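What you see is a predicted model, and the numbers here were worked out from it, not measured in a lab.
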Amino acid sequence: MGAWAIAVHGGAGVDPNLPKERQEEAKRLLTHCLDIGISALRSNLPAIDVVELVVRELETDPLFNSGRGSALTDNGTVEMEASIMDGPKRRCGAVSGLSTVKNPVSLARLVMDKSPHSYLAFSGAEDFAKKQGVELVDNEYFITEDNVGMLKLAKEANSILFDYRIPTVGTCGAGAAAMESPLQMNGLPISVYAPETVGCVVVDKEGRCAAATSTGGLMNKMTGRIGDSPLIGSGTYACDLCGVSCTGEGEAIIRSTLAREVGAVMEYKGLNLHEAVDFVIKNRLDEGKAGLIAVSKNGEVACGFNTTGMFRGCATEDGFMEVGVW
């Protein structure tokens, strides 16, 4: 019997001027989700069940960019994606282009458990959801007032928003909007602040690792764009050695197959979890910006990022618990 460990994240790329109340709001949600995961692990729930349970909770709260509160496409709609992976036998499921499924991570789990495939997208995924009887809601359920405002600024700037940044050069409309708010983050009014992707990684007492990731993607993204979160090996990966969930600049994470790289350097270079996470963040992102959380079969937990911060929390069976932003 080993020791369990859990980590959660709510996105990488935190503005240095993020107001304290926003930081505390994020910390409270991460702590709440850790508590849910810890309770489940103490009840001997398998790792795969725990990551689904925790990510469902994150999808239900509009604070982070997944489920309710997802970023909007250039058409003002929501297209969500998620993936889940069970380390034993590397079983996995993924979904993209969801517009009515209340909890994308649970549909990804059903793809893994109830279909002959690993990945379903758009109308095919929605049809599968109906057949499986999952909870469906109108697309409007996912759209928040803050994200409608953020999309408006992104369109004025003719920009895709990543980690809350918006160009200010040659974007008079966005600049004028920002001037109206006393609280700004990289030129964006705090009223339209929206964090990033969510994820959870777990190793249970049996040494089984699992990972899950869920997101609404980039604000003002092209309709049909697919990021790293549903891509096994890029945004999510779990094997007999570790479980990994990534967040940040999706295209950079895809290019580097970031999540799989952690397991690969552990397997082929003999690095421990902390060494592997450090190596991958420093050597595999090129000029990209991202972060990740990871657990090992030995009960270790680690996080790494090359952004100013990452919303994250972790806990281990020996009583260690930490929630941080910077």
Separation between [atom1] of [X] and [atom2] of [Y], rounded to the nearest 0.5 Å:
{"X": "Leu110", "Y": "Gln132", "atom1": "CG", "atom2": "CD", "result": "5.0 Å"}
{"X": "Asn44", "Y": "Asp49", "atom1": "CG", "atom2": "CG", "result": "12.0 Å"}
{"X": "Leu231", "Y": "Thr236", "atom1": "CG", "atom2": "OG1", "result": "8.5 Å"}
{"X": "Cys92", "Y": "Met112", "atom1": "SG", "atom2": "CE", "result": "8.5 Å"}
{"X": "Thr100", "Y": "Asp138", "atom1": "OG1", "atom2": "CG", "result": "8.5 Å"}
{"X": "Ser96", "Y": "Leu120", "atom1": "OG", "atom2": "CG", "result": "10.0 Å"}

Any salt bridge between [X] and [Y], counting N to O under 4.0 Å?
{"X": "Glu249", "Y": "Lys289", "value": "no"}
{"X": "Arg208", "Y": "Asp86", "value": "no"}
{"X": "Arg225", "Y": "Glu251", "value": "yes"}
{"X": "Arg260", "Y": "Glu267", "value": "yes"}
{"X": "Asp278", "Y": "Lys282", "value": "yes"}
{"X": "Asp113", "Y": "Arg91", "value": "yes"}

Check: [Y] main-chain N/O paired with [X] side-chain donor or acceptor under 3.5 Å:
{"X": "Asp286", "Y": "Gly288", "value": "no"}
{"X": "Arg312", "Y": "Trp326", "value": "yes"}
{"X": "Ser115", "Y": "His117", "value": "yes"}
{"X": "Ser39", "Y": "Ile36", "value": "no"}
{"X": "Asp61", "Y": "Leu63", "value": "yes"}

Exercise for review: Assess whether salt bridge (charged side-chain N to carboxylate O under 4.0 Å, His left out) is satisfied between Arg28 and Glu25, documenting all intermediate values.
Suggested key: CA-CA 5 Å; Arg28 283 193 296 271; Glu25 190 177 5; 5.6 Å; no
[X] and [Y]: side chain donor to acceptor below 3.5 Å:
{"X": "Ser99", "Y": "Glu79", "result": "no"}
{"X": "Glu57", "Y": "His32", "result": "yes"}
{"X": "Thr77", "Y": "Asn139", "result": "no"}
{"X": "Asn272", "Y": "Ser296", "result": "no"}
{"X": "Thr316", "Y": "Asp318", "result": "yes"}
{"X": "Glu81", "Y": "Ser229", "result": "no"}

Practice item. Could you tell me whether Arg68 sits above the aromatic face of Tyr141, with NZ or CZ closer than 6.0 angstrom to the six-membered ring centre and within 45 degrees of the axis? Key: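 Yes, Arg68 and Tyr141 form such a contact.
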ILVMFWY network linking [X] to [Y], side-chain heavy atoms under 4.5 angstrom:
{"X": "Ile84", "Y": "Val54", "result": "yes"}
{"X": "Leu241", "Y": "Leu271", "result": "yes"}
{"X": "Leu45", "Y": "Val105", "result": "yes"}
{"X": "Ile253", "Y": "Leu218", "result": "no"}
{"X": "Ile48", "Y": "Trp4", "result": "yes"}

Any heavy-atom pair between the side chains of [Y] and [X] that's under 4.5 Å?
{"X": "Phe128", "Y": "Leu107", "result": "yes"}
{"X": "Val323", "Y": "Phe311", "result": "no"}
{"X": "Met266", "Y": "Val280", "result": "no"}
{"X": "Leu136", "Y": "Val101", "result": "yes"}
{"X": "Ile226", "Y": "Tyr119", "result": "yes"}
{"X": "Met85", "Y": "Ile232", "result": "yes"}
{"X": "Lys221", "Y": "Asp74", "result": "no"}
{"X": "Ile6", "Y": "Val295", "result": "no"}

Distance-minimising heavy-atom pair for [X] and [Y]:
{"X": "Ala302", "Y": "Val277", "result": "CB-CG2, 4.1 Å"}
{"X": "Gly243", "Y": "Cys209", "result": "N-CB, 3.8 Å"}
{"X": "Gly235", "Y": "Thr213", "result": "O-OG1, 3.4 Å"}
{"X": "Val203", "Y": "Gly299", "result": "CG1-CA, 3.9 Å"}
{"X": "Ala294", "Y": "Leu273", "result": "O-CD2, 3.6 Å"}
{"X": "Ala290", "Y": "Ala12", "result": "C-CB, 4.3 Å"}

Exercise for review: Go through Leu41 and Ile38 one step at a time and tell me if the side-chain contact (heavy atoms from CB on, under 4.5 Å) criterion holds.
Suggested key: CA-CA 5 Å; Leu41 285 163; Ile38 291 168; 5.6 Å; no
Practice item. Check Val198, Thr247, Thr215 against Phe64 for a side-chain contact (heavy atoms from CB on, under 4.5 Å) and give me the one that passes. Key: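 So the option named by the test is Val198.
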Review point. Just one of Leu292, Val325, Ile293 clears the side-chain contact (heavy atoms from CB on, under 4.5 Å) bar with Met310, so which one?
Key: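 Single side-chain contact (heavy atoms from CB on, under 4.5 Å) partner of Met310 among Leu292, Val325, Ile293: Ile293.
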Practice item. Take Arg255 and Arg284 through the test side-chain contact (heavy atoms from CB on, under 4.5 Å) and record every step on the way to the result. Key: CA-CA 9 Å; Arg255 291 194 303 271; Arg284 291 294 183 263; over 6 Å; no
Practice item. Mind running side chain to side chain donor-acceptor pair (under 3.5 Å) on Glu261 and Ser256 for me, showing each step along the way? Key: CA-CA 8 Å; Glu261 281 290 283; Ser256 60; over 6 Å; no
Practice item. Could you please spell out the steps behind the salt bridge (charged side-chain N to carboxylate O under 4.0 Å, His left out) verdict for Lys89 and Asp240? Key: CA-CA 8 Å; Lys89 298 184 179 179; Asp240 58 342; over 6 Å; no
Exercise for review: May I ask you to check whether over 12 heavy atoms, not counting those of Arg56, lie within 6.0 Å of atom CZ?
Suggested key: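 No, because the 6.0 Å sphere around CZ of Arg56 holds 12 heavy atoms or fewer from other groups.
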Exercise for review: Show the numbers, then the answer: is there a side-chain contact (heavy atoms from CB on, under 4.5 Å) between Val262 and Tyr237?
Suggested key: CA-CA 9 Å; Val262 175; Tyr237 188 73; over 6 Å; no
Exercise for review: Start with the C-alpha distance between Leu34 and Val8, add both sets of side-chain angles, then the distance that settles side-chain contact (heavy atoms from CB on, under 4.5 Å), and finish with yes or no.
Suggested key: CA-CA 7 Å; Leu34 278 179; Val8 297; 4.1 Å; yes
